[in-house]
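Let me begin by presenting the structure, written as structure tokens, before commenting on it.
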Amino acid sequence: MRIVIVNTHVPFVEGGAETLARTFKKALEAKKHEVELVRIPFKWYPPERIHEHVLACRLLDLTEVNGIPVDRVIGLKFPSYHVRHPNKVTFMVHQHRTAFEMWGSEHCDISPYPNGKAIRDSIESIDRALLPEAKTIYAMSKTVAQRLEDYCGLKSSLLYHPPENAEIFRSGPFGDYLYFPSRITPIKRQQLAVEALALTRQPVKIRFSGSPDNPRNLVELKALVKKLKLEKRVQFLGRIPFDDMVDLYAGCRGVLFVPHLEDYGYITLEAMLSSKPVITCSDSGGPTEFIRSGEEGLVTDSDPAELAKAMDELWSSTSFAKEAGPKAKKRYKDLDISWDHVAEALVK
């Protein structure tokens with residue numbers, strides 16, 4: 001088949017959706033399909049611009065190229081999944097979250113505007129009206145599927161997929177640090193991890209890797225570390241090579257990942273592939289679909305004191321870490337997370 005994957009992209013920002021699109025393209029090409037990835041630049045501010053981007057997607061003609069039909073379009077993220085095509089499938093990464101479950105929260109960038117409510121309502125209406133154009137809607141997690149049903153009344157099928165280079169992750173010794181790999185941004189809640197670290201009774205150490213969405217995010221986080229006198233217990237590694245990340249997963253005591261309502265969370269899956277337990281929060285979304293507290297890791301309230309207790313528990317009990325890590329690897333295998341499964345569903 002001739003397939004076009006369509007995704008929304010913020011220039012110079014690399015996240016999970018970009019990784020998914022790139023890896024998905026390779027997976028389809030491995031099945032001998034001819035695949036192109038079309039990335040549509042997206043600017044969400046001021047919020048009036050959002051409608052312009054929806055219109056841009058609607059005006060794109062991907063039905064044929066040089067007179068040769070495109071057999072299928074697969075849309076990933078708002079508003080790219082609103083591109084017109086007679087044989088379109090949506091593999092939903094997420095909707096425009098600030099118009100849905102983030103509305104009115106500290107993470108919402110629409111609600112402060114005078115016309116924010118009207119724009120929020122219109123985004124919901126657009127999704128309700130246009131998403132059913134797709135032949136099928138797949139959601140990449142239960143979190144994404146439930147959100148779609150709650151806000152738009154639309155059903156979808158669940159389709160888990162593996163992280164990039166899943167076969168490279170490996171297990172290793174249980175070291176003397178917790179690893180928190182992620183973009184540094186408020187919604188990933190590195191600040192919560194630092195605040196919890198200050199309340200631990202054990203000499204817990206955290207290594208953060210990842211670049212900030214905004215340089216200010218890292219400056220503020222480092223200032224908090226200094227204020228709490230945690231400089232000897234926290235390392236900021238910045239954006240690191242993939243091989244170094246694999247080594248850090250393999251050598252950590254466990255993985256710390258406490259985002260707010262994460263859509264999926266490759267970090268959780270990468271930790272499981274590395275046979276490492278995961279500490280996450282009950283409101284972290286995607287990670288809680290894979291991690292059962294007391295089994296593959298620990299799930300706690302998103303409160304610094306409660307998170308500190310979980311960090312202390314994992315730090316003081318190497319035996320738990322050594323039991324939970326292999327359980328995490330086994331659970332990954334039991335869920336049959338593979339690109340073969342995804343490709344089969346999306347091109348049938």
Side-chain angles (χ1 to χ4, degrees), residues 1-9 13-40 60 62-66 68-77 80-81 83 85-94 134-142 144-145 156-171 181 241-247 249-250 263-275 286 289-290 328-348:
M1 295 179 69
R2 288 166 61 87
I3 301 170
V4 172
I5 300 170
V6 190
N7 195 30
T8 306
H9 176 64
V13 174
E14 182 77 11
E18 288 71 35
T19 300
L20 186 158
R22 181 176 61 247
T23 314
F24 184 31
K25 180 176 184 289
K26 292 178 182 177
L28 290 176
E29 288 173 337
K31 296 291 183 181
K32 308 304 180 184
H33 297 291
E34 189 175 354
V35 189
E36 283 288 351
L37 173 59
V38 173
R39 305 203 303 175
I40 302 170
L60 282 177
L62 295 175
T63 57
E64 56 83 26
V65 178
N66 288 329
I68 303 173
V70 172
D71 299 309
R72 177 153 299 180
V73 162
I74 302 173
L76 302 184
K77 193 166 65 168
S80 66
Y81 50 56
V83 166
H85 193 274
N87 195 16
K88 179 176 67 175
V89 172
T90 295
F91 183 23
M92 183 173 286
V93 176
H94 61 72
K135 180 179 178 181
T136 314
I137 302 175
Y138 291 95
M140 71 169 181
S141 69
K142 293 178 183 176
V144 172
S156 59
S157 299
L158 179 63
L159 199 57
Y160 288 141
H161 65 281
E164 188 173 24
N165 298 315
E167 70 284 355
I168 295 177
F169 292 91
R170 55 181 171 77
S171 60
F242 177 78
D243 289 345
D244 291 352
M245 182 182 71
V246 171
D247 289 343
Y249 272 118
D263 297 304
Y264 193 48
Y266 289 127
I267 290 163
T268 312
L269 300 179
E270 290 166 352
M272 296 169 80
L273 286 165
S274 305
S275 297
E289 298 181 32
F290 305 103
K329 180 70 171 288
K330 182 179 184 301
R331 181 160 169 77
Y332 182 97
K333 291 181 178 179
D334 290 345
L335 289 168
D336 188 27
I337 302 173
S338 71
W339 279 116
D340 282 347
H341 179 57
V342 173
E344 181 181 351
L346 291 173
V347 299
K348 64 182 179 183

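Residues: numbered from 1 along the sequence shown. If you're wondering where the values come from, they're calculated on a predicted model, not measured in any experiment.
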Are any of the side-chain heavy atoms of H161 and F24 separated by less than 4.5 Å?
no
Heavy-atom closest pair, residues S80 and L76
OG-N, 3.7 Å
N87 CG to I74 CD1 distance, which is reported to the nearest 0.5 Å
9.5 Å
Considering all heavy atoms, the nearest L273-P163 contact:
CD1-CG, 3.8 Å
Check the pair V347 / K31 against side-chain contact (heavy atoms from CB on, under 4.5 Å), numbers first and verdict last.
CA-CA 10 Å; V347 299; K31 296 291 183 181; over 6 Å; no
Please list, chain by chain and in numerical order, all residues satisfying side-chain contact (heavy atoms from CB on, under 4.5 Å) with S338, sequence neighbours excluded.
D336, D340, H341
Do the side chains of P162 and L269 get nearer than 4.5 Å, heavy atoms only?
no
Heavy-atom distance under 4.5 Å between the side chains of L346 and L159, does that happen here?
yes
Are R22 and E18 within salt-bridge range, i.e. N to O under 4.0 Å?
no
Mind checking what makes side chain to side chain donor-acceptor pair (under 3.5 Å) contact with E344, not counting sequence neighbours?
none
Given 3.5 Å as the limit, does a donor-acceptor pair link the side chain of H85 with the main chain of V70, or not?
yes
Donor-acceptor check, side chain of R72 to backbone of V89, threshold 3.5 angstrom: yes or no?
no
Measure the shortest side-chain to side-chain distance between L60 and I40 over non-hydrogen atoms and say whether it is less than 4.5 angstrom.
yes
With sequence neighbours left out, the residues meeting salt bridge (charged side-chain N to carboxylate O under 4.0 Å, His left out) with E34 are R2
Answer yes or no: is there a side-chain heavy-atom contact under 4.5 Å between Y264 and V144?
no
With sequence neighbours left out, what residues match Y81 under side chain to side chain donor-acceptor pair (under 3.5 Å)?
D127
Donor-acceptor contact below 3.5 Å, side chain K88 vs main chain G75:
no
Run the salt bridge (charged side-chain N to carboxylate O under 4.0 Å, His left out) test against D247 and tell me which residues pass, sequence neighbours left out.
R170
From I137 CD1 over to M92 CE, what is the distance, rounded to the nearest 0.5 angstrom?
6.0 Å
Spacing of K77 atom NZ and H9 atom NE2 [to the nearest 0.5 Å]:
8.5 Å
Measure across F242 and N165 and return the closest heavy-atom pair with its distance rounded to 0.1 Å.
CZ-CB, 3.6 Å
Is the distance from the ring center of Y138 to that of Y160 below 6.0 Å?
no
Nearest-0.5 Å distance, NZ of residue K333 to CE of residue M272:
11.5 Å
Closer than 3.5 angstrom, by distance alone: can the side chain of T23 be matched with the main-chain N or O of E164 as a donor-acceptor pair?
no
Side-chain heavy-atom pair S141, E289 within 4.5 angstrom cut-off
yes
So, taking the atom named CZ in F91 and the one named OG in S156, what distance separates them when rounded to the nearest 0.5 Å?
11.0 Å
Looking at every heavy atom in both A17 and N7, which two are closest together, and how far apart are they?
O-ND2, 3.6 Å
Those residues that, when tested against K329, pass side chain to side chain donor-acceptor pair (under 3.5 Å) (two or more places apart)
none
Can you find a pair of side-chain heavy atoms, one from V4 and one from V65, that are under 4.5 Å apart?
no
Does CD in E36 sit with more than 12 non-hydrogen atoms of other residues, nucleotides or ligands closer than 6.0 Å?
no
Would you say S274's side chain and F169's backbone share a donor-acceptor pair under 3.5 angstrom?
no
